[in-house]
Amino acid sequence: MSTPPSPEKEAKPSNFVRDIVIQDLASGKNGGRVHTRFPPEPNGYLHIGHAKSICLNFGLAKEFGGKCNLRFDDTNPSKEETEYVDSIIEDVRWLGFDWDDRMFYASDYFEQIYQWAVDLIKKGKAYVCDLTAEQIREHRGTTTEPGKESPYRNRSVEENLDLFTRMRAGEFPDGSRTLRSKIDMASPNFNMRDPVMYRILRAHHHRTGDTWCLYPMYDFAHGECDSIEGITHSICTLEFEDHRPLYDWYVENLDIHHPQQIEFDRLNLTNTVLSKRKLLLLVQKGIVSGWDDPRMPTLSGMRRRGYTAEAIRTFCGNIGVSKTNGIVEFSMLEHFLREDLNKKAARVMTVLDPIKVIIDNFPDGQVDQLEAVNHPDDPSMGTRTVPFSKVIYIERDDFREDPPKQYFRLSPGREVRLRYAYFVTCTSVVKNEAGEVTEIHCTYDPASRGGNSPDGRKVKSTIHWVSAEHGIDCEARLYENLFREASEDEVEAQETEWAWLTPNSMINVTGAKVEPCVKGAAAGTLYQFERVGYFCVDKTSTPEMPVFNRTVALRDSWAKIEKGQKPK
RNA sequence: UGGGAGAUCGUUCAACGGUAGGACAGCAGACUCUGACUCUGCUUAUCGGGGUUCGAAUCCCUGUCUCCCAGCCA
């Protein structure tokens, strides 16, 4: 705390929030302390948008030798559940952050917040209002007209105290009265037109149970919680800019530690939706299998899909923090994902759409054990042996009877390399009645064992394969973006139709063949299926039937070439 | 219509009165036992109009556009 590490100017791209922290440190504000917090409401699962906030808050604390608290903003019991609390704890940990013993709940402070409300009443700055929700709305005025003062605004301190005590005691029905702060009904900022501080609400709270029948509103709780915890920089999203005057009003009138609220832009990503409400809808309507469906942008969904915490952190550190309302392209996320997966994923050969290849001159019954590296750039990941035999499978797309221009893979008369194995040349094909190729016949060059020919001749393509006798069956789940439209605005317009969903956003490939070495791999194990994509073992996987999620496909420049050829 | 906040390559973030730069995407090439990875090169931007200044993305004025706000949600 006394000697915060000096920020490495070069290493990290700065942002305006970080600049504020640096300035405060330089000026000696807060006694050189940096203390942030991540304050989710436990009413849903965390998503990639929260990751941005988590990385910012925990990241700033870490960078400047400060602290970051995890705090649950649980002031509305009607929406909150322990299931969400548990998932949030798991997700923040998984992302790689630690709050030591500083996990708090707004509900920890209910008594203190209540006492502060009493203080404000005593100072004549808060009053009990008997107006209905409807009437309060009518009194609030409009953008152009000032609001009207509540007829209960000038109750005596004694009466307010008595009423507020009885509110707490449960003497009045839900919604019958509120405690409001006495600020300014003519303020151009609606938040200042005598905002409600407490509402009567008989809902079972996931932590405090039924001990309270009145709960503080966000505005009256948040700054106070920050203050209690000694937060220095209270970082939140842009929609709270209008709330800052109220945030400041409460801590000033209570005369308590005054954290600085700083607002930044929330993350928007193309082709997905980052709104708890909409994600909840997807779960409730059964459009996805749950919060951890691999198509969901939730941290649990992404984790199951095979995203790594490091990739998400790197992404968050690179998208920047500003106050502009933008939308980040999904390809940016995929870039950082691939970058990390490329380093970590062991290579293995898997044929998603198999077609049989028979090596006519390969001895019947012979099995060659060929050595393959687990990672081309990381020898420490070791090697494995891959069984090779007379009958193998290759990818249907790796053979063309009539190859288009620039197609380098197998076709009649052409020689290619089977990765880690041999050069093979296609000699003939067998077709069914429909004229579809069902079997490819090849000859192999025994001298090319291991993948290189002693005479130095080259092939233009290397393809992956799996021995028919040794390969094991597996399922591969291929995912598309859940949302076909790039932006949420377009989604909004079509929401009732659900037409914005990508049809068949999950394709379950059942006939795939994979190398035997993956048998029994634990859920979450990452692989690169060579030339196909990054996959991870799904939680539903069994040794008998491995199940893989495609995390993200490999970049595919041939697909681009081919696409460009189509219109001709 | 009142208040608040924004506007820089296709996207995103920098540049804090002194050469508009990075990342992603795109394009072209090199390399390659993954058409992957890696490497090289290239294309493209200061919302409009006025000012101030030797000099403006940056300061001033003005216009335009976008986002947020009228929950007893957070």
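To find a chain, count down the sequence lines: A is the first, B the second, and so on, and within it residues start at 1.
- A/L131 comes within 4.0 angstrom of a base, heavy atoms only.
- Comparing atom distances between the A/F408 side chain and each of B/rG2, B/rG35, B/rU34 picks out B/rG35 as nearest.
- Note on A/Y407: a base of the nucleic acid sits closer than 4.0 angstrom, heavy atoms only.
- Under a 4.0 Å N-O distance rule, the pair A/E80/A/R207 does not qualify as a salt bridge.
- For A/S322, counting side-chain heavy atoms from C-beta on, the closest listed nucleotide (B/rA23, B/rG4, B/rC13) is B/rC13.
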Take A/R177 and A/I200 through the side chain to side chain contact (heavy atoms under 4.5 Å, CB included) test and state the conclusion after the steps. CA-CA 7 Å; A/R177 284 179 224 260; A/I200 303 174; 4.2 Å; yes
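- For B/rA15 and B/rC72, the P atoms lie 40 Å apart once the distance is rounded to whole Å.
- Across B/rA30 and B/rC67, the matching C1' atoms stand 45 Å from one another, rounded to whole Å.
- Looking at heavy-atom distances under 4.0 Å, A/N342 makes contact with sugar-phosphate atoms alone, never a base.
- Note on A/E334: nothing from the nucleic acid sits closer than 4.0 angstrom, heavy atoms only.
- Rounded to a whole angstrom, the distance from the P atom of B/rC24 to that of B/rA20 is 23 Å.
- Spacing of C1' atoms, B/rG26 relative to B/rU53, comes out at 39 Å, to the nearest Å.
- The shortest distance between the side-chain N/O atoms of A/K343 and the OP1/OP2 oxygens of B/rC37 is not below 4.0 Å.
- Among the protein residues, A/K560 comes within range of the sugar-phosphate backbone only, with heavy atoms under 4.0 Å from sugar or phosphate atoms but none that close to a base.
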Please determine whether ring-ring contact (aromatic ring centres under 6.0 Å, His included) holds for the pair A/F408 and A/W558, giving the CA-CA distance in whole Å, both sets of side-chain angles, and the decisive distance to 0.1 Å. CA-CA 10 Å; A/F408 304 142; A/W558 162 244; 7.4 Å; no
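- Ionic pairing of A/E41 and A/K79 is not present here: no N-O contact between side-chain nitrogen and carboxylate oxygen is shorter than 4.0 angstrom.
- Using a 4.0 Å heavy-atom cutoff across all strands shown, A/R338 reaches no nucleic acid atom at all.
- The phosphate of B/rA5 has neither OP1 nor OP2 within less than 4.0 Å of any side-chain N or O from A/R266.
- The P atoms of B/rA14 and B/rA56 are separated by 23 Å, rounded to the nearest whole Å.
- The side chain of A/R18 places no N or O atom within less than 4.0 Å of a non-bridging phosphate oxygen (OP1 or OP2) of B/rC13.
- A/G175 comes within contact range of at least one nucleobase, with a heavy-atom separation under 4.0 Å.
- As judged by a 4.0 angstrom heavy-atom cut-off over every strand, A/T324 is placed among residues touching the sugar-phosphate backbone only.
- Across all strands shown, A/L238 has no heavy atoms under 4.0 Å from either base or sugar-phosphate atoms.
- In terms of phosphate contacts, A/R180 brings no side-chain nitrogen or oxygen within less than 4.0 Å of OP1 or OP2 of B/rC72.
- For the pair A/R137 and B/rG71, the criterion of a side-chain N or O lying under 4.0 Å from OP1 or OP2 is met.
- Nearest nucleotide to the A/N76 side chain, out of B/rC73, B/rG71, B/rA14: B/rC73.
- Salt bridge annotation for A/E562-A/R400: present, with a cationic side-chain nitrogen under 4.0 angstrom from a carboxylate oxygen.
- Across all strands shown, A/F240 has heavy atoms under 4.0 Å from base atoms, whether or not it also approaches the sugar-phosphate.
- No engagement by A/V532 is indicated, since no non-hydrogen atom pair under 4.0 Å with the nucleic acid exists.
- The aromatic rings of A/Y45 and A/W291 sit parallel, their planes meeting at an angle under 30°, below the 60° perpendicular limit.
- Regarding contacts with the backbone of B/rG3, every side-chain N or O of A/S187 stays at 4.0 angstrom or more from both OP1 and OP2.
- Base contact: A/E530 has a heavy atom under 4.0 Å from a base atom.
- Taking a cutoff of 4.0 Å between a charged side-chain nitrogen and a carboxylate oxygen, A/R531 and A/E395 do not qualify as a salt bridge.
- Taking the C1' atoms as reference points, B/rC69 lies 14 Å from B/rU1, given to the whole Å.
- Comparing the same atom, C1', in B/rC47 and in B/rG41 gives a spacing of 32 Å after rounding to whole Å.
- Within 4.0 Å (heavy atoms only), A/D19 reaches at least one base atom of the nucleic acid.
- Residue side chain A/D242 reaches the base of B/rG3 through a donor-acceptor N/O pair under 3.5 Å, judged by distance alone.
- B/rG50 sits 14 Å from B/rU64 when the C1' atoms are compared, rounded to a whole Å.
- Across all strands, A/R419 comes closer than 4.0 Å to base atoms (heavy-atom distances).
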